[in-house]
Amino acid sequence: MFIGPQWLDMKNLKIAIIHDWLVTYAGAERVLEQMLICFPHADVFSMVDFLDDQQRGFLQGKRAKTSFVQRLPWAKSKYRRYLPLMPLAVEQLDVSGYDVVISSSHAVAKGVLVGPDQLHVCMCYSPIRYAWDMQHQYLKESGLDVGIKGWLARWLLHKIRLWDVRTANGVDKFIAISEFIGRRIQKTYRRDSVVIYPPVDVTAFKVQESKDDFYLTASRMVPYKKIPLILQAFAKMPDKQLVVVGDGPDFDKVKALAGPNVKILGYQSAEVLEDHMKRAKAFVFAAEEDFGIAPLEAQACGTPVIAFGKGGALETIRGQNTPFPTGLFFYEQSIDSILEAVSLFELEFASEISPHACRENAERFSQQRFRMEFKELVESTWSDFQKGMKND
């Protein structure tokens, strides 16, 4: 870890953290929480802040300084519809009085304006997915792939891409949340990045060696999570039980697909989710994720994961061809691929995967590890930045 005079300097620096929007406590907010533990004196900025009092604990009592989007009509429930205005909104946030600017960005936060004497470190969860390589999938799932609205959406996303590339020039150091996202950053911005995996609260989960006779999937029910696909696969395996935890826009669609061997629990507390994760035979995960916290939480409980073999899952799960596997992969988002994977798991891997191997793998992604790596990177980058200014 970096030590010396610069450590003392960091404590006296003015630090701003820019987050896209504060509306819930999910994956990006868990990262923000750990950033604030590293730098508790930092000020927080965001496009909007609609957290209620019960959700604010992770911000250590802070309230974000927000953009004009906060005050627009219906912004609390329809803030995403103001995406075309957000590039302008983030540029109006005044961070000129800060020495270090940290953007926590999967959309527009990295576009904040900084000067030549300010260090800008971007924790990039992904370049804007729906504007880049996932544009066609996003338009199709949103019903915007045809008609006048479709052409308008394409034109707006084209403008956002131009803005997104330009604003990458204002970032001094990119942090990627996985090697997969590092490749996306390189493809989109032609910039190198350092990988720091997001924090997982492994201490909140306990290993259970004995397993019950059911499979589990849990996530927010949105199209790219592919929950309907998992249900369609289990409909062809009536002798196998599936439990589904979560809610979201696709909840009614998912519920309609549930057969007699599928139990839909909807939203559940963290305690109920952990209980099911500990007892499940395996956790089924069909999404192409940038990182994916839920499979690691399952592994922290000693539960193997059957996952789509693309994206961040390849970095967080030890597959069937590795020493001490913690799960196995299927390589097509199709019913047949899931059927084959579940069959292979039961025939060859259910008794071979150790709960303790799963737990050991999950511990590589702990909160403590994230804080150490993130703080060290910011401090060392600030030191190099200072040296560069002196040499100029």
Side-chain angles (χ1 to χ4, degrees), residues 205-221 224-248 250-251 253-268 270-289 292-309 313 316-320 325-355 357-359 361-362:
F205 299 88
K206 306 300 179 186
V207 174
Q208 180 167 312
E209 294 193 29
S210 62
K211 303 296 181 182
D212 293 348
D213 190 22
F214 70 89
Y215 292 86
L216 174 70
T217 190
S219 78
R220 180 161 170 76
M221 293 185 186
Y224 86 94
K225 295 288 188 178
K226 303 296 182 184
I227 303 299
L229 184 68
I230 297 174
L231 268 68
Q232 289 168 334
F234 272 82
K236 295 181 177 294
M237 299 182 285
D239 58 321
K240 296 174 177 45
Q241 303 299 308
L242 175 69
V243 175
V244 182
V245 176
D247 62 5
D250 279 1
F251 181 81
K253 179 179 179 181
V254 169
K255 191 174 181 179
L257 289 170
N261 64 326
V262 175
K263 184 183 294 186
I264 308 291
L265 298 186
Y267 173 81
Q268 296 294 322
E271 292 76 17
V272 172
L273 177 59
E274 181 195 359
D275 176 64
H276 282 83
M277 278 186 168
K278 288 192 297 187
R279 295 188 292 113
K281 180 185 293 188
F283 186 85
V284 184
F285 191 71
E288 179 185 334
E289 281 282 15
I293 289 177
L296 281 166
E297 292 176 338
Q299 290 173 81
C301 295
T303 299
V305 182
I306 300 172
F308 178 48
T316 60
I317 301 164
R318 292 174 178 161
Q320 54 264 49
T326 64
L328 74 158
F329 297 114
F330 56 93
Y331 295 98
E332 292 182 3
Q333 288 175 313
S334 68
I335 294 171
D336 288 343
S337 290
I338 295 175
L339 293 174
E340 291 174 10
V342 172
S343 176
L344 181 62
F345 173 77
E346 294 202 344
L347 287 173
E348 298 186 26
F349 288 94
S351 60
E352 297 295 326
I353 296 176
S354 160
C358 294
R359 174 71 183 200
N361 184 53

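- Proximity of Leu328 to Glu348: side-chain heavy atoms (C-beta onward) are nowhere separated by under 4.5 Å.
- Across all their heavy atoms, Leu273 and Ala218 have their closest contact at CD1-CB, 3.7 Å.
- For the atom pair Phe308 CZ and Glu332 CD, the distance stands at 8.5 Å (nearest 0.5 Å).
- Evaluation of the ring pair (Phe, Tyr, Trp, His ring centres under 6.0 Å) rule for Phe283 yields no partner, not counting sequence neighbours.
- The line from CE of Met221 to CG of Asp247 is 7.0 Å long, rounded to the nearest 0.5 Å.
- Annotation for Lys255: atom NZ does not count as buried by contact number, only 12 or fewer foreign heavy atoms lying within 6.0 Å.
- Taking every heavy atom of both residues into account, Phe205 and Cys301 meet most closely at CD2-SG, 3.5 Å.
- Counting only heavy atoms from C-beta outward, the side chains of Lys253 and Pro228 approach each other to under 4.5 Å.
- Qualifying ring pair (Phe, Tyr, Trp, His ring centres under 6.0 Å) partners for Tyr215, counting only residues two or more places apart in sequence or in other chains: Phe234.
- Side-chain atoms of Gln299 come within 3.5 Å of backbone atoms of Thr316 as a donor-acceptor pair (strictly under, hydrogens ignored).
- Proximity of a side-chain donor or acceptor of Ser337 to a complementary backbone N or O of Phe330 within less than 3.5 Å is not detected.
- Contact of the Lys206 side chain with the Glu274 side chain is registered, since non-hydrogen atoms from C-beta on lie closer than 4.5 Å.
- Counting only distance, with no hydrogens or angles, the side chain of Gln320 and the backbone of Phe329 share a donor-acceptor pair below 3.5 Å.
- From Glu209, atom CD reaches atom SG of Cys358 across 11.0 Å, with rounding to the nearest 0.5 Å.
- When all heavy atoms of Arg220 and Gly248 are compared, the pair lying nearest together is NH1-CA, 3.7 Å.
- Nearest heavy atoms, Tyr331 versus Gly309: CD2-O, 3.6 Å.
- By the 4.5 Å heavy-atom criterion applied to side chains, Phe345 and Pro304 are counted as neighbours.
- Side-chain atoms of Asp250 and Ile227, non-hydrogen and from C-beta on, never get closer than 4.5 Å to each other.
- Here the CD atom belonging to Gln232 is positioned 5.5 Å from the CG atom belonging to Leu257, to the nearest 0.5 angstrom.
- Taking the side chain as every heavy atom from C-beta outward, Leu231 and Ile264 approach each other to under 4.5 Å.
- Taken from CD1 in Ile338 to CE in Met237, the straight-line distance is 7.5 Å, to the nearest 0.5 Å.
- The side chain to side chain contact (heavy atoms under 4.5 Å, CB included) with Ile317 is formed by just one residue from the set Leu296, Ile306, Thr326; it is Thr326.
- Side-chain contact check for Tyr224 versus Glu289: some heavy-atom pair is nearer than 4.5 Å.
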Determine, stepwise, if the pair Leu242 / Asn261 fulfils side-chain contact (heavy atoms from CB on, under 4.5 Å). CA-CA 6 Å; Leu242 175 69; Asn261 64 326; 5.8 Å; no
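- A heavy-atom distance below 4.5 Å is found between the side chains of Arg279 and Gln208.
- Looking at residues two or more places apart in sequence or on another chain, you find a salt bridge (Lys or Arg N to Asp or Glu O under 4.0 Å) between Lys281 and Asp213, Glu346.
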